[in-house]
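See structure below.
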Amino acid sequence: VVLLESLLTTAVGKIFKPTLRHDATLRMVRALLADLAAPGNSLSLDLQPDALHGQVLKVVLACEDAAQRAPLALAVQARLAPLALHHEIV
C-alpha cells in the first residue's frame, strides 16, 4: 500500500488514472531491479507514452566496467520479460 499526499484530477474532478499507472509501473520496476545495482553499476528508468505500445520503458545502464554491461543487461531482460510492458535496454 502506498499513501499519496494528493491525486491529480481531471477538470470534472475524477482521478486521473494515467498518472497513477505511470507511478505504479515505475515503483514496481524499481522494486524488481533494485538488487541489480551494484558498486560501479547504475540503472535509470524512463517511462514514456508510445503510440504503438501505449508505454515504453527505457532502462539506461551505466557500468564502469564494460565487461559487466552484458550480464547486467541479460539480468534486466530476464526480470522484465514476463511483464506486459514494452521495454528497451540502452
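Numbering of residues begins at 1 and proceeds along the displayed sequence.
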message: Just checking Ile15: does its CD1 atom have more than 12 heavy atoms from other residues, nucleotides or ligands closer to it than 6.0 angstrom?
response: no
Sub-4.5 Å side-chain heavy-atom contact between Arg30 and Leu45: yes
task: Could you grab the distance from atom CG of Asp23 to atom CE of Met28, nearest 0.5 Å is fine?
output: 11.5 Å
Any side-chain heavy-atom pair of Thr9 and Lys14 under 4.5 Å: no
Separation of Thr25 OG1 from Leu83 CG (nearest 0.5 Å): 9.0 Å
message: To check you understand the geometry: which heavy-atom pair defines the closest contact between His22 and Leu47, and what is its length?
response: NE2-O, 3.2 Å
message: Evaluate Glu88 against Val59 for side chain to side chain contact (heavy atoms under 4.5 Å, CB included), listing each step before the verdict.
response: CA-CA 6 Å; Glu88 299 172 3; Val59 182; over 6 Å; no
field: Carboxylate-amine/guanidinium proximity below 4.0 Å for Arg79 and Asp35
entry: yes
query: Do Gln48 and Asp46 have side-chain N/O donor and acceptor atoms under 3.5 Å apart?
result: yes
task: Show your working on side chain to side chain contact (heavy atoms under 4.5 Å, CB included) between Gln55 and Leu85 and close with a plain yes or no.
output: CA-CA 7 Å; Gln55 291 181 330; Leu85 174 66; 4.1 Å; yes
- request: Following the transitive rule for hydrophobic clusters with a side-chain heavy-atom cut-off under 4.5 Å over Ile, Leu, Val, Met, Phe, Trp and Tyr, establish whether Phe16 and Leu20 coincide in one cluster.
  value: no
task: Please round to the nearest 0.5 Å and tell me the distance separating atom CG of Leu74 and atom CZ of Arg69.
output: 10.5 Å
query: Taking all non-hydrogen atoms of both residues, which atom of Ala73 and which atom of Ile89 are closest, and how far apart?
result: O-CD1, 3.5 Å
message: Pairing donors with acceptors under 3.5 angstrom, does anything connect the side chains of His87 and Gln77?
response: yes
Heavy-atom closest pair, residues Leu43 and Leu61: CD2-CD2, 2.8 Å
Derivation and outcome, side chain to side chain contact (heavy atoms under 4.5 Å, CB included), residues Leu36 and Asn41: CA-CA 8 Å; Leu36 294 179; Asn41 297 336; over 6 Å; no
- request: Find out if a path of hydrophobic residues (ILVMFWY) with successive side-chain heavy-atom gaps under 4.5 Å connects Val60 to Val56.
  value: no
